[in-house]
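Structure first, commentary second.
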Amino acid sequence: MVDENYDRIVEKISKSSGLEKEEIERRIEAKRAKLAGLISKEGAAQVIAAELGISFDNEKLKIEELLPGMRKVNVVGKIINLSPIRTFTTKKGDEGKVVNLTLADDTSNIKVVLWDTNHISLVEKQDIKEGSVVEIGNGSMRANEIHLGSFSELKFSKESIDNVITEKIVKEKDISDFKLSDSVSTRAFIVQAFEPKFFYVCPECKKKAISEAEGFSCSEHGKIIPEKRALINLVLDDGTETIRSVLFQEAIEGLGLGDLEDSDNLIVERQNLLGKEMLFRGDIRMNNFFNNPEFIVENVKEVNEDELLTNLEKE
Ligand SMILES: [Zn+2]
């Protein structure tokens, strides 16, 4: 698999240091060997850059070039999605506000989180809205998101940005390379399949329905006749690592299990899933209960052997 980010970092180190790319790659491999492979190639490249005194700080980057762990990130992009302002209670008991938005340029898009009241007031006053082109200064990368605090800048940009990438960026990755907020696709084996769990949602807003003494209600829509939904937990393994995964309705259909409420059938079907290799696409999220990353699977597909063969021939 070609890792463009990695190639770009090596390129930058080479330009700034005057070292040959081969020499830099040799140092990166040596660093990884020393750390017994505990660090990714990208991570090792950043360590080498730091050792050579090369900083990516304050350099204007394309969204695709942003990497987890980077600080003082500068980037220009168009806001393609702006979530409503959320309020929460801080540890001190004050009311805090947070805004999520998606910023896009011609290479990719990324989630940006605003924490600073000055930045949020720009959104409240609708000075900044969907379609605005903004320049971000001094942001920090947390996993695959840019976070803006009180030392960060958010201002209008006069740049015009065409051809922004609005599609969700799905990366083909090994499980060991999964990072929080990644959207990924991977080929993996099902090594555990748990019994389905059922829950109820509001038919209108699809929020979880509240069970009452008599029937169900929704915080927004009052008394409702809920829809029954299923979820299934799987443990996936691609040879690099295992990950706990959650599948909801649409993804479950991809498993082809038949009637989920027929428990006799299900025992057999679950058994058949074990050891099966399939294609999984979804997002990596933090499970706050287990305090572990979790793979929220949106789509499951059979591995198409013909397709694999053609891909192999192309390579
Ligand atoms: Zn509702």
Side-chain angles (χ1 to χ4, degrees), residues 79-91 93-104 109-115 117 120-121 123-126 128-131 143-145 166-170 180-184 193-234 244-263 266 280-300:
I79 298 175
I80 56 167
N81 181 45
L82 188 65
S83 302
I85 298 164
R86 270 198 302 123
T87 56
F88 62 94
T89 310
T90 66
K91 281 182 190 147
D94 303 329
E95 184 183 77
K97 288 180 186 173
V98 62
V99 169
N100 294 331
L101 59 90
T102 310
L103 194 73
N109 57 62
I110 192 165
K111 183 174 162 189
V112 179
V113 186
L114 311 181
W115 297 98
T117 45
I120 291 171
S121 76
V123 176
E124 287 172 322
K125 287 185 282 182
Q126 298 202 335
I128 281 182
K129 45 183 179 260
E130 261 178 44
N144 287 311
E145 305 170 351
T166 54
E167 305 89 60
K168 199 165 171 183
I169 308 299
V170 179
L180 280 182
S181 350
D182 266 352
S183 290
V184 291
F194 295 90
E195 255 181 80
K197 289 178 198 141
F198 296 96
F199 60 101
Y200 294 90
V201 298
C202 170
E204 263 190 74
C205 61
K206 309 294 175 197
K207 276 190 207 147
K208 203 167 178 188
I210 306 153
S211 169
E212 291 178 334
E214 280 172 45
F216 288 86
S217 74
C218 166
S219 55
E220 227 173 286
H221 296 100
K223 278 238 169 275
I224 49 160
I225 298 169
E227 284 172 11
K228 195 175 186 180
R229 292 294 170 93
L231 76 81
I232 289 183
N233 288 112
L234 299 177
R244 193 185 147 85
S245 316
V246 190
L247 285 71
F248 294 95
Q249 214 82 17
E250 291 88 83
I252 291 173
E253 278 163 28
L255 295 175
L257 291 177
D259 185 358
L260 293 182
E261 306 207 36
D262 177 348
S263 50
L266 214 57
F280 299 87
R281 179 170 59 70
D283 300 324
I284 312 303
R285 296 270 178 268
M286 187 53 101
N287 179 314
N288 292 322
F289 186 74
F290 294 110
N291 206 20
N292 260 335
E294 189 173 58
F295 187 15
I296 313 292
V297 176
E298 283 170 5
N299 182 281
V300 184

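Counting begins at 1 with the first residue of the sequence. All ligand and atom numbering here is 1-based and tracks the order in the structure.
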For residues 247-263, which residue pairs qualify under side chain to side chain donor-acceptor pair (under 3.5 Å), counting only residues two or more places apart or in two chains?
K228-E261
Taking only residues two or more places apart in sequence or in another chain, which ones pass side chain to side chain contact (heavy atoms under 4.5 Å, CB included) with S83?
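With neighbours one apart ignored, the set is N81, N100.
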Polar side chain donor-acceptor pair, D182 to N144, under 3.5 angstrom:
yes
The Zn ion (ligand 1): which protein N, O or S atoms are under 2.8 Å away?
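The answer, once waters are left aside, is C202 SG, C205 SG, C218 SG, H221 ND1.
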Return the set of residues passing ring pair (Phe, Tyr, Trp, His ring centres under 6.0 Å) with F295 (not counting sequence neighbours), or none when no residue passes.
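Scan of F295 (ring pair (Phe, Tyr, Trp, His ring centres under 6.0 Å), adjacent residues dropped) gives F178.
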When rounded to the nearest 0.5 angstrom, what is the spacing between CD1 in I224 and OG in S217?
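It comes to 6.5 Å.
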For the atom pair CD1 (I225) and CZ (F216), what is the distance rounded to the nearest 0.5 Å?
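I225 atom CD1 to F216 atom CZ measures 11.5 Å (nearest 0.5 Å).
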